[in-house]
Amino acid sequence: MLPEKATVDGIEQPILERWSADDVYAYKREVSGEIYSIDTPPPTVSGSLHVGHIFSYTHTDLIARYKRLRGFNVFYPMGFDDNGLPTERRVQNYYGVRPDITKSYISNYKPPFTGTDGKNLKANEYDSISRANFIELCEKLSKEDEAQFKELWMRLGLSVDWKYTYQTIDKRSRRIAQKMFLRHLSAGLAYQMESPGLWDVSFQTAVAQAELEAREYPGFYHSVAFTSTDGSTVEIETTRPELLASCVALIAHPDDERYQKLFGTTVTSPIFGVEVPILAHEAAQMDKGAGIAMCCTFGDLTDVQWWRDLKLPTRSVIGRSGRIEVDENSAAWITGDARNFLLKLNGKTAFSARSMIVEELKAVGALRGEIVPTKRMTNFYEKGDKPLEIVTSRQWYIKNGGNNDELRKELVKRGEELNFVPSFMRTRYDNWVLGLSSDWLVSRQRFFGVAFPLWYRIRKDGVIDYDKPLVPDENALPIDPLIDTPAGMDESMRDIPGGFTAEKDVMDTWATSSLTPHIACGFEEHTGQTTHADFEQLFPMSLRPQGQDIIRTWLFSTVLRAHHENNSLPWKNAAISGWILDPDRKKMSKSKGNVVTPMHLLEIYGSDALRYWAASARLGVDSAFDEGQMKIGRRLAMKFVNLAKFVLSMQPTHVLEQGAQEAFKNAFSGITEVVDKSMLANLCEVQRNAFEAFDNYNHAHALEITESFFWSFCDDFVELVKKRAYGEQQENVQTGSSISAENALLVALILQSHLLAPFIPFATEEAWSWWNTGSIHISTMIHKPTAQPDASVDGELFKLVSLVLQLVRRIKSEQKLSMKTPLKTVRLSISSKNIELLKPALNDLCMALNVVGKLEFVESTSSEIEVLDFELAQ
RNA sequence: GGGUGAUUAGCUCAGUUGGUUAGAGCAUCUCGUUUACACCGAGAGGGUCAGGGGUUCGAAUCCCUUAUCACCCACCA
């Protein structure tokens with residue numbers, strides 16, 4: 001039934017209900033046929049949505065809808081990322097709880113608060129609960145957050161099959177993350193090692209190279225004098241005098257003539273009186289500071305490198321708290337009064353220890369010159385706000401080529417196999433792989449995450465045997481080693497000599513996220529059936545859509561895991577979306593407070609309008625937030641439903657009753673007029689080009705050419721054939737076939753509905769619903785490109801007709817005449833070839849332009865067409 | 001310091017392997033229209049393609065160079 005007035009207002013809710021009820025976007029598991037599978041990014045549920053999400057998720061949905069129209073069986077799942085620090089913090093504050101790995105699991109636990117801002121609680125007011133209870137609370141809260149996300153995604157029109165959803169902390173994800181870890185372990189791809197590494201003192205966890213962020217941090221150069229055996233001094237510059245007690249050597253470049261004769265000699269540190277060697281190493285830079293550096297345990301990663309390469313002793317005074325940690329039994333390398341001084345520093349922060357040492361340096365006359373302020377780049381954990389320290393700890397690693405050139409080369413090769421869109425994004429991948437300096441540190445000393453499925457034996461003497469971890473059976477996964485026990489042992493043997501102890505660390509959140517293809521393609525949680533056949537069908541997946549900022553993390557780590565486990569890429573294509581910038585061209589982010597929330601935009605402009613805005617930006621290109629584009633999108637949707645109403649209102653009743661499928665089949669034979677065929681020749685070409693653009697992941701180009709044809713169709717073709725379609729006559733003019741006009745309009749409407757459907761799915765569905773029962777989004781009509789009605793007629797005539805229409809309209813406009821003003825004659829200068837070409841369209845032209853007399857042609861040798869003069873009718 | 005991308009009309013952006021007079025939308029101005037669409041239509045004005053140099057019959061497009069912007073990597077002496 002055609003509506004009285006066509007509109008896009010209020011159409012979304014009923015359409016969404018129909019889509020759900022009919023399960024329109026179902027992945028057809030049992031059907032054979034070409035599959036297109038999408039590794040949808042699971043959004044972080046602890047954050048709120050902003051327009052940037054709409055942007056990139058729309059890009060993915062455009063592809064999903066296009067592939068469906070082309071006959072692919074599209075697998076489009078949705079995940080939710082609730083694993084990791086952001087959720088951990090949110091759950092703490094929301095429920096007023098703190099995880100504590102010494103607590104036991106309580107069934108039916110009720111948290112003290114719900115929805116409270118726990119930031120206002122004092123430390124002792126939090127409820128300390130077990131990791132398992134904490135994970136339960138997280139799953140509960142995430143479910144609530146997910147409902148909101150889902151509502152917004154649906155409102156936006158994402159064609160996700162909601163039967164296939166997962167959380168990165170749910171049982172299935174934990175099982176797969178643990179299973180994959182155990183497989184890496186047995187393949188020798190995962191290992192543990194005690195070594196110095198970057199440590200966040202606020203979060204009390206080790207962090208990985210991928211999570212580092214270099215920030216400018218203020219510091220002060222102190223010039224400190226060390227004393228040689230002959231009484232002369234060697235001055236070094238340091239920004240960290242508080243590490244003086246940790247000094248193990250002074251190091252200069254082997255080519256540095258200033259220090260060459262000192263290599264092999266020793267000097268004594270001021271205050272502490274420790275004798276340290278002067279050594280040569282190529283990592284020392286002659287042009288930095290004094291050109292000779294104080295090497296400590298550990299001031300920075302270069303210190304670690306020197307410590308390793310030069311086999312230097314370990315002299316640690318800074319602990320995991322970021323404070324000086326020394327007691328009676330430590331720091332044996334320092335003796336006498338100096339030792340008493342050092343003990344006085346115990347418990348001081350690096351900052352206050354520094355000022356005490358500086359005072360002491362001044363007192364002993366070892367501080368030379370002025371203290372010079374400086375700004376330097378320092379490594380931070382991306383979520384932290386204190387500079388990272390380096391501490392020694394036992395951690396788990398996964399090999400990533402960071403210290404293995406063969407693996408590195410293999411991973412670069414994987415990158416070459418992957419189709420990056422746009423292709424220059426591959427450079428970022430290459431840069432990252434080639435710049436890796438260590439294996440991937442995957443253990444975190446946190447609480448909320450996937451546990452390592454491991455225990456260790458405790459020997460009779462109470463020493464923990466880390467070398468041979470106890471592992472569970474794969475079929476028992478997921479397990480929590482804090483609750484479950486290893487085979488052949490029971491709870492009574494936990495943490496006693498001769499018994500076992502749990503691995504207490506959890507995996508880094510990326511260690512789970514890097515498995516999203518494995519999680520998404522495993523079906524057993526949904527169907528109760530084995531996964532293998534499904535996995536074989538879906539993996540490697542077709543597409544990974546994601547942001548450019550997480551190439552080094554999510555994209556790389558996923559490639560790495562699939563390389564290790566499956567010896568293949570995880571997907572064939574990677575579609576990288578750009579940023580959304582605010583109007584000042586700054587990146588939109590929560591911390592800058594310039595985020596625009598999407599729900600009210602959806603309400604003002606409608607889903608199709610927001611999708612239009614997102615669709616008009618190409619992949620990989622940053623885009624300014626622009627409400628103007630949304631208005632245009634809304635206009636397009638409105639224009640479309642009005643066009644549809646017009647075209648359909650012209651059709652005989654039986655055509656509307658038979659529906660689009662039948663009508664489309666029958667309409668071609670009724671298209672007899674050459675100009676109608678020519679218009680459709682153009683449209684078929686647009687369709688081919690749009691398909692090609694989509695196949696190359698250039699949705700913006702597909703939209704541009706489709707939209708451009710659409711407006712020219714409305715302005716020129718519809719105006720051209722309107723009167724013929726109505727069956728109207730004009731004096732002195734022979735009208736053509738109105739049947740042909742009706743059929744051409746109908747075919748053009750159907751084809752354009754399909755081309756526009758990915759961009760404005762609601763408006764196209766609305767118009768479709770007036771005369772069809774099913775959804776246009778799973779229509780089978782354009783699985784193959786549409787053949788033009790008459791291969792002997794090309795698009796030139798319609799282009800020429802459009803041009804003549806424009807020329808005459810311009811004349812009328814310049815003369816400030818109404819477009820309806822009747823003209824007696826119009827004389828055109830035009831080439832003989834074009835005169836011939838134009839002949840079949842003359843009647844339509846005269847009617848559309850209201851030329852009551854005739855169009856006269858003056859033959860011209862130029863290919864240009866020009867209006868020579870015209871005469872108004874009486 | 002190394003790298004990637006960008007720079008085209010007042011604004012947002014197209015411009016396919018080099019090929020007539022560089023395009024679109026928004027905004028501006030003019031005019032029109034109420035039986036598909038006033039959430040409308042027709043038309044006009046507006047550009048030294050960031051600057052400089054080169055290759056070529058011909059450059060927005062290829063090469064070199066400079067500048068500006070954004071981002072990535074490295075940089076704790």
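- Among the heavy atoms of the strands, none lies under 4.0 Å from A:Ala693.
- For A:Tyr605 and A:Tyr612, the gap between ring centers reaches or exceeds 6.0 Å.
- Rounded to a whole Å, the CG atom of A:Asn379 is 12 Å from the C1' atom of B:C73.
- At a cut-off of 3.5 angstrom, the base of B:C39 holds at least one donor-acceptor pair with the side chain of A:Asp9.
- As judged by a 4.0 angstrom heavy-atom cut-off over every strand, A:Trp613 is placed among residues making no nucleic acid contact.
- Ring pair A:Trp613/A:Phe55 is tilted by interplanar angle, where 30° to 60° counts as tilted.
- Taking 4.0 angstrom as the limit, A:Lys722 places none of its side-chain polar atoms (N or O) nearer than this to OP1 or OP2 of B:G41.
- Each of A:Val8, A:Asp608, A:Leu749 was scored for a side chain to side chain contact (heavy atoms under 4.5 Å, CB included) with A:Phe640, with one residue passing: A:Leu749.
- Using the six-membered ring where Trp is involved, A:Phe709 and A:Phe713 have ring planes that are parallel, under 30° apart on the 30 and 60° scheme.
- Annotation: B:U21 and B:A60 have their P atoms spaced 10 Å apart (nearest Å).
- For the P atoms, the distance linking B:U12 with B:U7 amounts to 12 Å, nearest Å.
- Counting any heavy atom pair closer than 4.0 Å across all strands shown, A:Arg634 reaches a base atom.
- Here A:Ala617 lies out of heavy-atom contact (under 4.0 Å) with every strand.
- For the P atoms, the distance from B:C49 to B:A59 is 12 Å, rounded to whole Å.
- Backbone-only contact: A:Lys816 has heavy atoms under 4.0 Å from sugar-phosphate atoms and none from a base.
- Among the protein residues, A:Cys714 comes within range of the nucleic acid bases, having at least one heavy atom under 4.0 Å from a base atom.
- Checking the phosphate oxygens (OP1, OP2) of B:C76, a side-chain nitrogen or oxygen of A:Thr302 falls inside 4.0 Å.
- The residue A:Ala644 sits apart from the nucleic acid: no heavy atom pair falls under 4.0 Å.
- Backbone-only contact: A:Tyr221 has heavy atoms under 4.0 Å from sugar-phosphate atoms and none from a base.
- Contact between A:Ala280 and A:Leu310 at its shortest, heavy atoms only, is O-CD2, 4.1 Å.
- One cannot find a donor-acceptor pair under 3.5 Å joining the base of B:C72 and the side-chain atoms of A:Arg428.
- Here A:Ile236 lies out of heavy-atom contact (under 4.0 Å) with every strand.
- Among the atoms of the strands shown, base atoms are found under 4.0 Å from some heavy atom of A:Met638.
- Shortest non-hydrogen contact noted between A:Phe759 and A:Leu62 is CD2-CD2, 3.6 Å.
- Rounded to whole Å, atom P of B:C76 lies 19 Å from atom CG of A:Leu244.
- With both ends at atom C1', the span from B:A67 to B:U20 equals 33 Å, rounded to whole Å.
- When the side-chain nitrogen and oxygen atoms of A:Lys639 are compared with OP1 and OP2 of B:G41, one or more of them lie within a distance under 4.0 Å.
- Note on A:Val718: a base of the nucleic acid sits closer than 4.0 angstrom, heavy atoms only.
- Distances shown here put every side-chain N or O of A:Lys812 at or beyond 4.0 Å from the OP1 or OP2 atom of B:G32.
- In this model, the phosphate group of B:C26 is approached by a side-chain N or O of A:Arg635 to a distance below 4.0 Å at OP1 or OP2.
- Distance noted for atom C1' between B:A50 and B:A74: 29 Å (whole Å).
- If you check every strand for non-hydrogen atoms under 4.0 Å, A:Glu707 touches nothing.
- Between A:Ala6 and A:Ala283, the residue whose closest nucleotide on RNA chain B is further toward the 5' end is A:Ala6.
- Taking a pair to require two hydrogen-bonding distances under 3.5 Å in either a Watson-Crick or a G-U wobble arrangement, B:U4 pairs with B:A70.
- Only the P atoms considered, B:C26 is 10 Å distant from B:A42, to the nearest whole Å.
- The gap from the P atom of B:A27 to that of B:G19 amounts to 32 Å, rounded to the nearest Å.
- Contact annotation for A:Gln629: no contact, since no heavy-atom pair falls under 4.0 Å across all strands.
- Between A:Tyr612 and A:Thr239, the residue anchored closer to the 5' end of RNA chain B is A:Tyr612, taking for each the nucleotide with the nearest heavy atom.
- Here B:C57 sits opposite B:G19 as a Watson-Crick or G-U wobble pair (both hydrogen-bonding atom distances under 3.5 Å).
- Distances shown here put every side-chain N or O of A:Tyr429 at or beyond 4.0 Å from the OP1 or OP2 atom of B:G3.
- No contact: A:Phe220 has no heavy atom under 4.0 Å from any strand.
- Taking atom C1' on both nucleotides, B:A9 is separated from B:U28 by 12 Å, rounded to a whole Å.
- A salt bridge does not link A:Glu704 with A:Arg618: none of the charged nitrogens is closer than 4.0 Å to a carboxylate oxygen.
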